Amino acid sequence: MEPVGARPCASPWPAGWTRGAAPPARPAPANPRHAEGHGWSMAGVLTRQADDFPQWYQDVLNKAELADNGPARGTMVIRPYGYGIWERMQADLDRRIKRAGAQNAYFPVLIPLSYLQREAEHVEKFSPELAVVTHGGGEQLAEPLAVRPTSETVINVFMAKWIHSYRDLPLLLNQWANVVRWELRPRAFLRTAEFLWQEGHTAHATREDARAYALRVATEVYRDFMREVLAIPVFLGRKTRRERFGGATNSISCEAVMRDGKALQMGTSHELGQRFAQAFDVAFQDADGIRQFAWTTSWGVSTRMVGGLIMAHGDDGGLRLPPAVAPVQVVLMAVTADGGAAAALDGVGAGLEAAGVRIHRDARVDLSYGRRVVDWELKGVPVRVVVGPRELAAGQCSVTRRDTGAAEKVPLGEAVARCQALLAAIQRDMLVAATAERDARVVDAATVPEALSAAETGLARIPWSAVGEAGETELNAHGATVRCLQAADGSVPASEDEAGVVALVARAY
RNA sequence: CGGGGUGUGGCCCAGCUUGGUAGGGCGCCUGGUUCGGGACCAGGAGGCCGGCGGUUCAAAUCCGCCCACCCCGACCA
C-alpha cells in the first residue's frame with residue numbers, strides 16, 4: 001500500500017515542515033503570466049506554492065542555484081548566486097551599522113566552556129544546542145571549548161578589560177561571523193547548524209542609553225533595511241518573557257509574514273540590562289568616581305534573511321528579487337544567434353554598466369529561448385532585456401519586469417534610462433505589494449481560540465490581556481506562538497504590562 | 001528513548017513477493033536539426049545496489065547483525 005502524500009526525500013530540509021499544518025489558502029499568483037488560461041505555465045519546473053509550499057521552497061533553492069545541503073546534518077553550502085544575495089545584504093547593513101556608530105571587530109570562534117556558564121539563563125538556553133570541542137592536537141583538552149553559538153560571553157570578557165571610565169562608553173562593537181547551534185530540525189537558510197550573521201555588542205553608561213540604542217538598531221538599522229532594501233515590511237515588537245533571548249531583560253524583534261502565512265523572525269535586538277556586565281565584571285567609574293556596572297545590548301541578523309526574502313517575495317515562477325539585493329539586476333539576451341541582436345544588446349549592456357547597473361549577458365543561444373527565459377525568472381532577476389528579429393527590425397528591445405511580468409517595447413536608445421526607472425519602480429512596488437499581501441493576512445482576534453484559528457492562514461492581533469502566560473501556553477500547545485507585543489499605536493511597548501498592549505500571534509518558522 | 005519507514009549512476013525512483021548478464025526518467029557529454037516561453041532525434045559516459053557475514057551453482061533480491069538517514073511520539077524551546 002502506498003502511503004498517500006508520502007514524499008520520500010533524501011534531503012533533510014523539508015523534514016517535518018508541514019507538521020500538523022493544513023495548507024493555507026493561497027492568494028492568486030502575483031505574476032499574471034502564470035494565471036489560468038494565459039498559456040505560460042511553470043508546470044513541471046517548480047512545485048506550485050499552493051500545492052506544497054515547503055517543496056516549492058526546496059525547488060527554488062535547487063533551481064535558482066542558491067544552496068546545497070552540506071555533508072554534515074544541518075549544514076548548508078551557500079552557492080555563488082545565493083551568496084551574492086547575502087553579500088548585497090551585508091554591504092548595505094554594514095553601512096547602516098557603521099552609521100549607527102558601531103565598529104567592526106572580530107572575536108574567536110572557540111570559547112572556553114566556562115565563559116558560557118557564567119550567566120545562568122544564558123547557559124541554560126544555549127546548552128542544548130552547543131557544539132563542544134573536547135580534543136585538539138590529538139590530546140584531550142583541559143577545558144572543553146564551545147563553538148560559539150553567539151558571542152556575548154567572550155566579548156564581555158574583553159569589554160571588561162577595555163572599559164574603565166565612563167569616557168570609554170558607549171562602546172559599540174559589531175562582528176561578522178559564523179556561529180554554530182546544534183539544530184535538530186534544520187531548514188535551509190531558516191535554521192541551519194552553522195549560519196552567517198552579524199552580531200552587535202554594545203556597552204552603555206545608563207539603562208536609558210542602552211535601551212535607546214537597542215531600539216535604534218531595531219528601527220534604523222534592521223526595520224529600515226528590511227523595508228528599503230529587502231522590500232519586506234516587518235512588525236517591530238517586544239518579545240514575551242518566554243520568547244526572549246537567553247540572558248536578556250528585553251528582546252525587540254522584527255517579524256515578517258511569509259507567503260504561506262507563517263511568520264519569520266528576521267532580526268532581534270536585545271537589552272541585556274546589567275546581567276552580563278555583572279557576570280563578566282564590565283564596570284566603569286562614573287563622573288563622580290563611583291564604580292558602576294555597564295548596561296549592555298546585543299543584536300543580530302543572519303543568513304536566515306535570505307530564506308525570508310525567498311518566502312516573502314517568491315511566486316510560482318520562482319524567486320523574485322528586489323533590485324537592491326539582486327546579484328544581477330538586468331539580464332540581456334538575444335532570441336536567436338543570427339542577426340545583429342548581440343551588437344544591439346552590447347550597446348545597451350555597456351550603457352547599463354556605465355550607469356552602475358549590475359548586468360549579465362546571457363550568450364547561450366544554443367539553449368532554447370524558453371529555457372533561458374525560465375532560468376532567469378527562476379533566479380528572480382528583476383529586469384530582462386530581450387532582442388530578437390522583430391525588435392531588431394524596429395530598433396527596439398523588449399523589457400520585462402519580473403515582479404509583475406509586465407513587458408514593453410523600448411527603443412534601443414532609451415533602454416538604459418528605462419531599465420533604471422524600472423529598477424527603481426520594482427524596488428518600490430515590491431514593498432507595496434508585500435505590504436498589501438501581509439496586511440491581508442492580519443486578522444483581529446478577541447480570544448485565544450480565535451487567534452489560533454487566524455493563525456492557520458496568517459497572523460492574529462489579540463489584546464495581550466486576553467492571552468497572558470496561560471494563553472501563551474495554550475497557543476504553543478497548538479503550534480502557534482506570540483511573535484511579539486506591540487503598543488496600541490504599533491510602537492514597541494516598554495513593558496508587557498502597559499495598557500493596550502496587543503499580541504501578534506502566528507505559526508512561525 | 002519508543003514505534004514506523006527508507007538506503008540502487010549527480011537527482012528522483014522501478015526492480016526484491018517468485019534469486020539467473022543492473023533498469024527508467026531527469027541531468028551530463030558528442031553530433032545533427034531546432035531556437036519568440038524549460039525543443040527533438042541519434043549516439044555516449046557514469047553503478048563495490050549503505051556495510052559486514054550467512055544460505056546458494058548463482059544474491060540488489062532470501063536470512064542475521066551493524067550503520068546512516070527520514071517520519072510519528074517523547075524530551076527541549
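Quick caveat, the model's predicted, so the values are computed rather than measured. Just so it is clear: chains get the letters A, B, ... in the order the sequence lines come, proteins before strands, and each one is counted from 1.
The base-pairing partner of C65(B), taking Watson-Crick or G-U wobble contacts with both distances under 3.5 Å, is G51(B). Applying the Watson-Crick and G-U wobble criteria (two distances, each under 3.5 Å), U18(B) pairs with nothing in any strand. Of the nucleotides present, U33(B) is the one that pairs with A39(B) by Watson-Crick or G-U wobble criteria, both distances under 3.5 Å. Of the nucleotides present, C72(B) is the one that pairs with G2(B) by Watson-Crick or G-U wobble criteria, both distances under 3.5 Å. Across all strands shown, G10(B) pairs with C26(B); the Watson-Crick or G-U wobble distances both stay below 3.5 Å. When both pairing distances are held under 3.5 Å, A45(B) makes no Watson-Crick or G-U pair with any nucleotide shown.
The heavy-atom pair separating Gly349(A) from Ile359(A) by the smallest distance is O-CD1, 3.5 Å.
Comparing the same atom, C1', in G19(B) and in A58(B) gives a spacing of 8 Å after rounding to whole Å. Separating the C1' atom of A39(B) from that of G23(B) is a span of 26 Å, rounded to the nearest Å. One C1' atom belongs to G46(B), the other to C65(B), and the distance between them is 32 Å to the nearest Å. Across G7(B) and C13(B), the matching C1' atoms stand 12 Å from one another, rounded to whole Å. When the P atom is used for both A60(B) and C76(B), the distance is 47 Å, rounded to whole Å. Rounded to whole Å, the separation between the C1' atoms of U6(B) and C16(B) comes to 14 Å. Annotation: G5(B) and G9(B) have their P atoms spaced 22 Å apart (nearest Å). Atom name P, nucleotides C52(B) and A14(B): the rounded distance is 24 Å, in whole Å.
Using modelled atom types and a 3.5 Å distance limit, the side chains of Gln175(A) and Glu199(A) yield a donor-acceptor pair. Between the side chains of Glu243(A) and Thr481(A), no donor-acceptor pair is found at a separation under 3.5 Å. Judged purely by distance below 3.5 Å, without hydrogens or angles, the side chains of Ser298(A) and His201(A) never pair a donor atom with an acceptor atom.
Remark: the backbone N or O of Ala248(A) is paired with a side-chain donor or acceptor of Arg275(A) at under 3.5 angstrom. Under a 3.5 Å cut-off, the side chain of Asp316(A) and the backbone N or O of Gln49(A) do form a donor-acceptor pair.
In this entry the distance linking CZ of Arg181(A) with C1' of A77(B) reads 13 Å, nearest Å. Going from atom CD of Glu121(A) over to atom C1' of A77(B) covers 12 Å, rounded to whole Å. Computed from coordinates, the Asp68(A) CG to G27(B) C1' distance equals 14 Å when rounded to whole Å. Distance, Glu377(A) CD to G36(B) C1': 13 Å, rounded to whole Å. The CD atom of Glu65(A) sits 14 Å away from the P atom of G27(B) (whole-angstrom rounding). In this structure, Asp362(A) places its CG atom 16 Å from P of G37(B), rounding to the nearest Å. When rounded to the nearest whole Å, the span between CG of Asp366(A) and C1' of A39(B) equals 13 Å. In this structure, CZ of Arg364(A) is placed 15 Å from C1' of A39(B), rounded to the nearest angstrom.
Looking at which nucleotide of RNA chain B each of Asn476(A) and Val335(A) is closest to, the 5′-most match is held by Val335(A).
Within the 4.0 angstrom heavy-atom criterion, base atoms lie near Asp375(A). In this structure, Glu183(A) reaches neither bases nor backbone, as no heavy-atom distance under 4.0 Å exists between it and the strands shown.
Judged by a 6.0 Å distance limit and a 45° cone about the ring axis, Arg118(A) is positioned over the six-membered ring of Tyr115(A).
At C35(B), none of the side-chain N or O atoms of Ser368(A) fall inside 4.0 Å of OP1 or OP2 (strictly under the cut-off).
If you check distances only, the side chain of Arg372(A) never reaches the base of G36(B) with a donor-acceptor pair under 3.5 Å.
Here the nucleotide nearest the side chain of Glu124(A), chosen from G37(B), G36(B), A77(B), is A77(B).
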